[in-house]
Each structure stands twice: as structure tokens, then as C-alpha cells.
Amino acid sequence: MKEKYDFHEIELKRQKYWAERGLNRTETDTSQEKFYCLEMFPYPSGKIHMGHVRNYAIGDVIARYKKMRGLNVLHPMGWDAFGLPAENAAIKHGVHPAQWTHENIDFMRKQLDRMGLSYAWDREVTTCNPEYYRWNQWFFLKLLERGLAYRKSSFVNWCPSCATVLANEQVPDGKCWRCDSVVIQKELEQWFFKITHYAEELLQDCDKLAGWPERVVLMQKHWIGKSEGVEVDFPIEGLDEKLRIFTTRPDTLFGVTFMCIAPGHTMAERLVEDKGKLDIIKEKYGKVEEKAGLFTGHYAINPLTNRKIPIYAANFVLMEYGTGAIMSVPAHDQRDFDFAKEYNLPIKVVIVPEKSAEEQKGESTEEKDFRTSEPPRAFEDEGTLINSGRFSGLRSSEAKQEIGKYVEEKGLGKRTVNYKLRDWGISRQRYWGTPIPIIYCERCGVVPVPEKDLPVILPVDVKFTGKGGSPLLESDAFLNVKCPKCSGKARRETDTMDTFVDSSWYFVRYCSKKDENPMDKGNIDYWMPVDQYIGGIEHAVLHLLYSRFFTRVLKDLGVLEYGEPFKNLLTQGMVTKETLKCPEHGWLFPEEARNEKCTLCGRPVELGRVEKMSKSKRNVIDPDVLINKYGADTMRLFSLFAAPPERDLEWSDKGVEGAYRFLNRVWGIIYKNSDKLRVARSELKDDNFGDSSLVTRHSLLLLRKTHQTIRKVTDDIEKDYHLNTAIAALMELVNDISSFNPEAEEDWPALHFAIKNTLMMLAPFAPHIAEELWGAIGEKDSIFEHPWPAWNETLAKEEELELVVQVNGKLRARIVVPAGLSDGEAQQRSLDDAKVKEIINGKQIRKVVVVKGRLVNIVTSNQ
RNA sequence: GCCGGUGUGGUGGAAUGGCAGACGCGACGGACUCAAAAUCCGUUGUCCGCAAGGGCGUGAGAGUUCAAAUCUCUCCACCGGCACCA
């Protein structure tokens, strides 16, 4: 054993050792209890960053811990390999996206291996490989068969100068990221997945997500955005047509004084004569700052009151939600109220706050014109109905039901449910993605590629100009195809799929090995669902919702038994760091500032806020640099210790050194005692410590601390993965071990026991050093083949306790008492304490509260 | 605007009704050294006090309780999500 902790040497040695022993391979084995531990796979952008390090360090601790607990653990890794950056690299540097991607993957896989992560690489998934994406295409065909995939016209961002489609993130401030031209909306036929088919189920089953952070579940619920209401038809005066609206407030139907329709509504085109004016409203569509409306020149009839009300086209009415038309109740909706004031429209109060209903009775039921008695603002709460015919006097909640019923009985409309969730547009006018398996035949129309012809392979020999749309449009070999139905002339769909499709089922792919059928039911039944999923909060909605959607489809296809993909979810916080800013040179790298001055110009450096690590802010730490300087174990340990997993982690160079120091201390203790520890090993069995007569007093204390630490570390990991406090407990134990001096011969077994258990508990966090020191104390097999230590409750128990004595809630004394003292005895001893006596001094004792093993609180009268 | 989260020493954080500040960082003092680094030992919330001891203290204010960082209410600050959703 070397004196110095040489992490370079031992980390490489141990990584090789694990690989040779096949420690990370996983087999389906129904006789064993399984644990599926998954971290969100990365986009192969080129290098691992600190966010990845944290994510994968957390996952690796869990995987290794569960393995030591005797579970059959699946811990796989792969690559979310399709996406825009690869295509950008192709345009910019002339390197093919496939080459760029695969080179990045090879580099990043090595980086992950250097971290000592226990991945089952024999199950690695790479989404840009045809063997993977053929199943995306299979999904597409299955969805199409079930009517859950369809085509419709939709808008995309279009740069007229580059003649290309842009993703939202490529349109900063409404301009093209490459040429700064103003981006316009262009209408294209695109494919959609009907996720709304599952809207209700996705919402209902949110309640099954007990292992998810509440806020993520809440975000999903909000995103689905269910609201119940009524659709009502308003006849248009003088025309044999009706305008259908949706409202969640049927209780305000008697207060409707005008109507608004979206400027893109078909009715708007027909009703408005002056198309120029309508175009102005259309231009303002979606502008939140301004409310603009245009009287259509037509009136509708409120079917409940038979009143005539004007119809407006208004920029704030959304075409995509509800029916694209609304009834306006200015008295009870602030937006309508503002609009009514702007356009001089009447305001009719039909709801009053519940308590004043009595007072309001008998008051004028006349319509209130805002010019004579203007309510200061809309009353949006629920209340009691007035001015509402036979419904007056009802409470809002009752009226909603009653009016809903009435509307249905009279055939005026129906009760409905609306969701904010929209169908998922999956078409991307991009090259580097999964080809959509569709053929357009001149004779047969839209024809799906037959399943036997999958995969539709993405052609490699294409040109990347960045102009004129997808390179697939230029590939004749790809584009021209015979119709599978009539063998006539046809062309392929050139759009590719959104990369979220790739990540919506990759966790299912891992369940089977590379050469096995990905839809193998035996494997999937055994491994699914994922027991612990770990990743960033930024995927709280889309990725997680799409994955839930896909697992439901798989369930309906009979592949999966259970519809929820992820049983437990841990969303780890961001990795942040202080930023530095020079008034002249902007963001600075840490090395560009010395003594709080900019090294470029000498000006004082502004200490910026602590922000998420990003290249642009120059506050990044390169994991490679850290590994070279301190080793993977130190990097892992610090990123787990500095904050609980779900909170943000502020990077601290000094903190990293603290973690490094800790590992060096552990090394040093074992180095110092290594000869003796090997001998001590043979002299005892681990559980021989029940007989305390064998050990000296200070050995006993060390043993107790060891058992307490096993309990604490195990509890902390089990209880929501409080890895930071688990590490703190290990540090405490190491502090005790380090100050323990074996005096008698019989002290050595105790020291050995403490060290052995420390190493086992350290193993999931800092696997290389733990494995190496495991060998150094004479153990033969891998530490990861050894079960997680168990504690002995009797030995962990203190025999004496310090009781806190309070008088009137204030700490006044501490007394040492034997454990298990009765409440009465504890009370008596507290009262007997000299200090306490002095304070009480004749005051009357009103009450004594005894909390077993913790404290005694004596409550006295005032005097 | 609506919803959610966070707020504790010089600092990252611990304690989720019962000793506020575990553990780490930093700082200070000491040992080792010709010296420094590394390492080791000790001290470290704050105020008053020579000390013994005492007062104060978890964003602010109120409340519940024998007892509140923790529960309830009001407010403030910061962060995140959604946002014309009828």
C-alpha cells in the first residue's frame, strides 16, 4: 500500500477491475427483486458538464447502494443523439451530423467511465441508430392505425431570407438567429400525435404519482388544464346561423352584453365587410399589451334573455381554445370590463357577493348602465345570482348546474370539458431526426410505409447548406419511391420527427439487450416501471408527459401492463457558481480576475450573482480538469455533499478541497494501521460484539458510533436520498476513528470493524478509493459484492443520556441520566438539580412536561 | 395576475413541534518547520461581563402551544412555472 493517495492510479485500476469482473452487467431474473435506476440520458453535445456530473453521481450512488442491498439493479445509459446542434455543426464546419454525433458519443462515454459510473453499457441506446429509430417509426404506424396520428395544417417559424424553418429557440426577438431577418409564420401540413385522447387519464393518474415531487405533478396538471363548462349557441340576428361559445361561468349567462370572436374565426371573415380593418385586428392577435376590437356589424341573440347583443372581432380571443368565440360579461370578467369601457358597451351585474344578497333583494333589477352607475371593476368571484330570471337567488355553484341543465334541455347547447393540452405536433423540417414513415402517392394519397419495410433509413449522402429547407428534399434516392399499394409514382415524407419522440420510450428499450426484441414482454414486465428516475426540473412537463403518453399507448397495445413509466422521480437542482463581471470586458473567467481586479484592464471586478453554470457567463467548471486535479471520487463526493440533491448546488473550489482532504484522511488512517488491520481481521467475526466484556470502554464507544452511523446513513439514503447528511455522518465517524488510539490488543478488532463499515458506506459515494482500501485491509472480493452493513439497535443505544431541563421553556440545566429512566424519575432528578432549585425558588409548579430521552420542561406560576 | 418554492452564523448547509447552527468551508490561535506549504490540535452565532453567568437570535409582524426555524395568518424579498385559456 502506498503512503500517498494516488487517485490517478487507483481509479484506472478499479475501473478496469470492475469491467473485468463484469460487475455492471445485468440479467433479467424473475427470481430476484429488481430495481430500475435511471438518469436522463444526455444530448451528445461534445463534453460532459457539471449538471451531468451531479445527475449521474446521484444516480450512481442509488444504483450502487441498491445493488449492495441485494437488489437486481438495472442502471443503463445512452444518447439522445438526434437534434439540431449536429445539423448546425454540419452547416458550420462541414462535418456530417452522424460523424459529429458519434465522435461526441465516444468522447463522452470515456468521460462517464472516468467518473466511475456503474453503467450496463451492453444495453447502451443511441437514438440516431436505425435499429433504434425504426421503433419510432413503428410507434408512428401504430398510432396511425389507431387514429392517434393525423395530419393537419399548422404554422411554423419561417425565415424568408434563409428559406428555412426555424425552431422557437432560433428566433430570438422574432428575428432569425443567423441572418437577423424578421421571421414570419408559414402554414404547412404537419403530423400530430393525439395526446389529447389521453388528457383525462393523464390528469386522473397524476394522483398515482406519489413518488414524484408535488410541484412537478402540479405543473403537469396545470399543463393539461382541465376546465368544465358549457357550450352555448347564440343565434345571429338576420342570418340562419349560430355562434357557439364556451364558458366556465354559465351562472353569468344573463349578464352577457356583447360577444367576441377570434379574428381568424370563419364567422369573422363572413360577418365583417371591411377586410382591411379585420386584418388590423389579425395583426394584433396574440399581443397581450393591447386589447383591440372591431364591431362586425352584426348582432346575436342571447338565447336565455332574447336580448340583442353586438358581435365584435377581438384580438384577445384565442382560436385554439374552446370554440374561438366567447360571450362577454363585463360585470364579472375584468378583461370584458376593460373592453366594455374602451368600446362604450353596457355592463350588467348578475352576481353579487353572497352575504349582501339579502340587501340586494328588492333593489332595482334594471340593467346598470356604466354611464349612470358604474361598478369600479369586475366582480369575478362566485356569489349569488340577481337579474337572472328564474335563476335569481341561486348561488353560483347551484346556478352553474341548473343553467347547464336548462341549456341542454332546451337544446341550446351542452355541458363540456375543455383542456389546455394540445395535440403534439411532431413534424420537423429537419434532416437529423427519424424519417416519418409516410409515402405520398399520386393515385392513393397518403400511404403508410408497411411495417415490413421499416426502418426508413435516413440517407447519409446529402448536402448541408442551411438554406432551402431540409436536405432530404434534395435527395432523389430518398425522395422518389414506388407506392407500396399501387407501385405507382410516389414520394416520401421529408419531415422528420421531433426528438422528444426518441426520449418518450428509451427507458423501455433498455429493458432488453441490444440483440433482443425491444418490445419483449418478459423483459418489460420484469423491469418496468423505472423505480427511480433522476433528472433536471426543466423536463417537468414535456418529456415526462410525452413519456406518460407513450407508456399508455404501449399499454393499449398490450406491451406494457402498467401505464406509468416512472414510479419515483428526483429532480435535481442546478449547479450554480458566482459570476465575475468587468465593466469593460463583461463576463470574466475566474482566472481573469486577481485581487478583485480585471487582469485585462485593471478595473475592479463586480462580483456578480450566483447563477446557473453557463459558457456565456463564463462561470463553468470543466469536469475533466477536476478529475485530473482531484480525481473522480472527490468530484463525486463534493457534488453530493454540498447540498441536498433537489436543491441548487453552489460550486465552491474550497469545498472541493474539503472533500479531497476527507478522502486523504481516510487513506491516511488505513495506511497508518494497515499491517495491524490485516491481522485484526482474522481475529473476529463481525457480529461478535454483542459481548461487551471483550472490549475496552473506548472501543465500546467507537463501536456504538459505528452502529449509529450505519443507522443514520441507511436512513438518510432511504429517506428521500439525503445524501449530503449521509456523507456528513460518515465524516463524523471518520473523525472519531481518526482520534481513536488503540491501547490494548483488544482495541484492534473494534478499529477494524469501524473502518470496514466506513468503507462499505463510503463505497456508493466514492467507489474507487473504497474498493482500493477494501483490498488494503485484506478483503478479497469486490466491496460491491458485499452486502450493505446492518446495525445492531442494542449496540447503537446510548447507555447515558443528557436531558435538557427547561424552566418555562428556557434552557436552564443539563443533567446526565441513565437511558430508559421513567418520566417520574426524570422529573424528580430535574427538580433536584441545584440550579433548577435556585431558579424555581418557591414559585409554584403548575405543570411538568417530560419528553422521553430529550427534555424536561417545568412550568411555574408567574411569581 | 395566478400557482409553487426558498429565506437560518462570515459562508455552503443541519435540525420539520422538544438542546438552533451537525458536517464542510473560511477565519483566528497553537504544534511541526530555518521558513513556507501540507498535516495535526484547539477556538469560532451575537451582545454584556475579568469571570461565573446572563441577554438576544432562524426575512418582518402577529397568533396557537408548557415548548415554534418547524404549525396558522398578514406582509416583504428572491427564484421557478403558467399567463388574454373565457
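The chains referred to below are lettered A, B, ... by the order of the sequence lines, with proteins before strands, and numbering in each begins at 1.
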S.K.: Just call it for A:Ser328: base, sugar-phosphate, or nothing, with non-hydrogen atoms closer than 4.0 Å on any strand.
M.R.: nothing
S.K.: Distances under 3.5 Å only, N/O to N/O: pair up the protein atoms with those of nucleotides 42-46 of chain B.
M.R.:
none

S.K.: Apply ring pair (Phe, Tyr, Trp, His ring centres under 6.0 Å) to the pair A:Phe316 and A:Phe339, showing each step before the final yes or no.
M.R.: CA-CA 10 Å; A:Phe316 67 88; A:Phe339 194 87; 5.6 Å; yes
S.K.: Does A:Phe192 have any ring pair (Phe, Tyr, Trp, His ring centres under 6.0 Å) partners at least two apart in sequence or in another chain, and if so, which?
M.R.: A:Tyr150
S.K.: Evaluate whether atom NZ of A:Lys612 has more than 12 neighbouring non-hydrogen atoms of other residues, nucleotides or ligands under 6.0 angstrom away.
M.R.: no
S.K.: Inspect the contact between A:Lys400 and A:Glu228 and indicate whether a charged nitrogen and a carboxylate oxygen are less than 4.0 angstrom apart.
M.R.: no
S.K.: Spell out protein contact along nucleotides 22-30 of chain B as letters: B when the base is contacted, S when just the sugar-phosphate is, - when no protein heavy atom is under 4.0 Å; keep the 5' to 3' order.
M.R.: BBSSS----
S.K.: Got a salt bridge between A:Asp833 and A:Arg814, using NZ or NE/NH1/NH2 to carboxylate O under 4.0 Å?
M.R.: no
S.K.: Measuring only the P atom in each nucleotide, how far is B:U58 from B:G21? A whole number of Å is fine.
M.R.: 14 Å
S.K.: If the test is side-chain contact (heavy atoms from CB on, under 4.5 Å), which one of A:Leu569, A:Leu570, A:Leu218, A:Asp720 qualifies with A:Pro213?
M.R.: A:Leu569
S.K.: Between B:G54 and A:Lys835, is there an OP1 or OP2 to side-chain N/O distance shorter than 4.0 Å?
M.R.: yes
S.K.: At under 4.0 Å between heavy atoms, what does A:Lys226 touch on the DNA or RNA strands: base, sugar-phosphate, or nothing?
M.R.: nothing
S.K.: Considering only atom C1', compute the distance from B:G80 to B:C28 and round it to an integer number of Å.
M.R.: 40 Å
S.K.: I want to check one thing: is the phosphate of B:C56, taken as OP1 and OP2, less than 4.0 Å away from some side-chain N or O of A:Lys810?
M.R.: yes
S.K.: Look at the aromatic rings of A:Trp424 and A:Tyr546 and report parallel, tilted or perpendicular, splitting at 30° and 60°.
M.R.: parallel
S.K.: Kindly state each residue pair satisfying salt bridge (charged side-chain N to carboxylate O under 4.0 Å, His left out) with at least one member in residues 249-259 of chain A, sequence neighbours excluded.
M.R.: A:Arg249-A:Asp251
S.K.: Could you tell me whether A:Val541 contacts a base, only the sugar-phosphate backbone, or nothing, with contacts defined as non-hydrogen atoms closer than 4.0 Å?
M.R.: nothing
S.K.: Using a cut-off of under 3.5 Å, enumerate the N/O to N/O pairs linking the protein to nucleotides 17-20 of chain B.
M.R.:
| from | atom 1 | to | atom 2 | distance (Å) |
| --- | --- | --- | --- | --- |
| B:C19 | O2 | A:Arg814 | NH1 | 2.2 |
| B:C19 | O2 | A:Arg814 | NH2 | 3.4 |

S.K.: Would you indicate which nucleotide in B:C41, B:C82, B:C3 comes nearest to any side-chain atom of A:Trp223?
M.R.: B:C82
S.K.: Mind checking A:Arg812 for me? I need base, sugar-phosphate or nothing, with any heavy atom below 4.0 Å counting as a touch.
M.R.: sugar-phosphate
S.K.: One thing to verify: whether A:Glu798 and A:Arg704 come together as a salt bridge, which I'm taking to mean a side-chain N less than 4.0 angstrom from a carboxylate O.
M.R.: yes
S.K.: How is A:Lys719 classified with respect to the nucleic acid when contacts are heavy atoms under 4.0 Å: base, sugar-phosphate, or nothing?
M.R.: nothing
S.K.: For the residue pair A:His539 and A:His543, categorise the inter-ring angle as parallel (less than 30°), tilted (30 to 60°) or perpendicular (more than 60°).
M.R.: perpendicular
S.K.: Is a side-chain N or O of A:His265 found less than 3.5 angstrom from the main chain of A:Ala313, in a donor-acceptor match?
M.R.: no
S.K.: If you measure from the P atom in B:A22 to the same atom in B:C75, how many Å do you get, rounded?
M.R.: 35 Å
S.K.: Kindly express the pairing pattern of RNA chain B in dot-bracket notation, using | wherever a base pairs with another strand and counting only Watson-Crick or G-U pairs under 3.5 Å.
M.R.: (((((((..(((.....[....)))((((((.......))))))((((....))))..(((((..]....))))))))))))....
S.K.: Using atom types as modelled and distance alone, determine if a side-chain donor or acceptor of A:Asn315 lies under 3.5 Å from a backbone N or O of A:Lys291.
M.R.: no
S.K.: Can you name the nearest heavy-atom pair linking A:Ala643 to A:Asp648, along with the distance?
M.R.: CB-O, 3.6 Å
